[in-house]
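Remarks on the structure that follows.
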Amino acid sequence: SNGGEAESGKELVELKVIWNKNKYDVKFCLDSTGAELKQKIHSLTGLPPAMQKVMFKGLLPEEKTLREIKVTNGAKIMVVGSTINDVLAVNTPKEAAQQEVKAEENKKEPLCRQKQHRKVLDKGKPDDVMPSVKGVQEHLPTVPLSGMYNKSGGKVRLTFKLEQDQLWIGTKERTEKLPMGSIKNVVSEPIEGHEDYHMMAFQLGPTEASYYWVYWVPTQYVDAIKDTVLGKWQYF
């Protein structure tokens with residue numbers, strides 16, 4: 001109903017919608033769906049719903065209402081995506097700079113050929129590794145990601161506790177419970193010869209020495225892991 005959001009009997013919730021460093025205070029009906037919220041975001045930002053990635057404790061389901069996914073007053077809704085104009089305005093100086101950085105990185109030896117990683121990768125693919133699906137991006141599974149190795153060659157599993165905003169890194173010995181906000185970066189690279197799996201690192205401190213490496217991450221989950229941990233769309 002147009003402009004009928006203030007109708008009596010409708011319970012409204014106050015949201016902070018964050019897109020491209022812009023913040024919008026929005027009052028929205030709790031019984032509206034994610035898809036309706038995307039329409040509202042379109043009216044605020046000009047970003048077509050199909051190009052929006054809307055995050056609230058993970059990706060916002062379009063078919064559920066805000067009440068069902070337990071959105072409360074003051075909730076932050078992260079929106080990622082570029083308007084058509086942004087997409088068309090390619091090769092801005094920033095992009096050129098990014099390409100230079102990329103070219104510089106390409107001169108470096110691929111990660112999977114470096115000695116510290118070869119040690120683990122030469123063990124081969126773990127027997128109980130999760131199946132990978134090439135060319136597809138999937139949401140995080142509801143079960144922990146398991147069957148991977150860490151840099152000492154021990155088994156490791158990743159559990160995404162979205163309601164606690166934590167990533168749990170579990171080994172046979174112990175489980176580290178990391179607040180998502182404490183992870184400064186996530187890097188990944190396909191494993192040579194097995195491009196449907198990636199090696200991935202979570203940066204836990206200020207330098208590369210603090211990277212926690214995980215090997216044999218199925219490629220279809222790589223983007224979802226980055227989005228979930230960093231709470232934003234990664235441009236690299």
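Throughout, numbering of the chain's residues begins at 1 and tracks the sequence.
In this structure a side-chain-to-backbone donor-acceptor pair under 3.5 Å is missing from S182 to L178. Using a distance-only test at 3.5 Å, with no hydrogens or angles considered, no donor-acceptor pair links the side chain of W19 to the main chain of Q52. Counting only distance, with no hydrogens or angles, the side chain of E195 and the backbone of G193 share a donor-acceptor pair below 3.5 Å. Under a 3.5 Å cut-off, the side chain of Q203 and the backbone N or O of S210 do not form any donor-acceptor pair. Under a 3.5 Å cut-off, the side chain of K123 and the backbone N or O of G153 do form a donor-acceptor pair.
In this structure, the separation between CE on M55 and CD1 on I18 is 12.5 Å, given to the nearest 0.5 Å. In this structure, CG in D165 is found 13.5 Å from NZ in K161, a value given to the nearest 0.5 Å. Distance CZ/R157 to OG1/T175: 5.0 Å, rounded to 0.5 Å. How far CG of L66 is from CD1 of I77: 7.0 Å, rounded to the nearest 0.5 Å.
Ring-plane geometry between Y215 and W213 is classed as parallel, the angle between the planes falling under 30 degrees on a 0 to 90 degree scale with a further cut at 60.
Here W216 and H194 bring their ring centres to under 6.0 angstrom of each other.
Using a 4.0 Å cut-off between charged nitrogen and carboxylate oxygen, K38 and E62 count as a salt-bridge pair. With respect to the salt-bridge test (charged N to carboxylate O, under 4.0 angstrom), the residues D227 and K53 qualify. Between K155 and D128 there is a salt bridge, with a side-chain nitrogen of the basic residue lying less than 4.0 Å from a carboxylate oxygen of the acidic one. With respect to the salt-bridge test (charged N to carboxylate O, under 4.0 angstrom), the residues E11 and R67 qualify.
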Under the side-chain contact (heavy atoms from CB on, under 4.5 Å) criterion, do L37 and L60 qualify, and how do the steps go?
CA-CA 10 Å; L37 180 59; L60 184 83; 4.0 Å; yes
How far apart are the C-alpha atoms of T219 and V133, what are their side-chain angles, what is the distance that settles it, and do they pass the side-chain contact (heavy atoms from CB on, under 4.5 Å) test?
CA-CA 7 Å; T219 182; V133 187; over 6 Å; no
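Crowding of K151 atom NZ: a count of heavy atoms from other residues, nucleotides or ligands under 6.0 Å not exceeding 12.
Donor-acceptor pairing under 3.5 Å is lacking for the side chains of E14 and N73.
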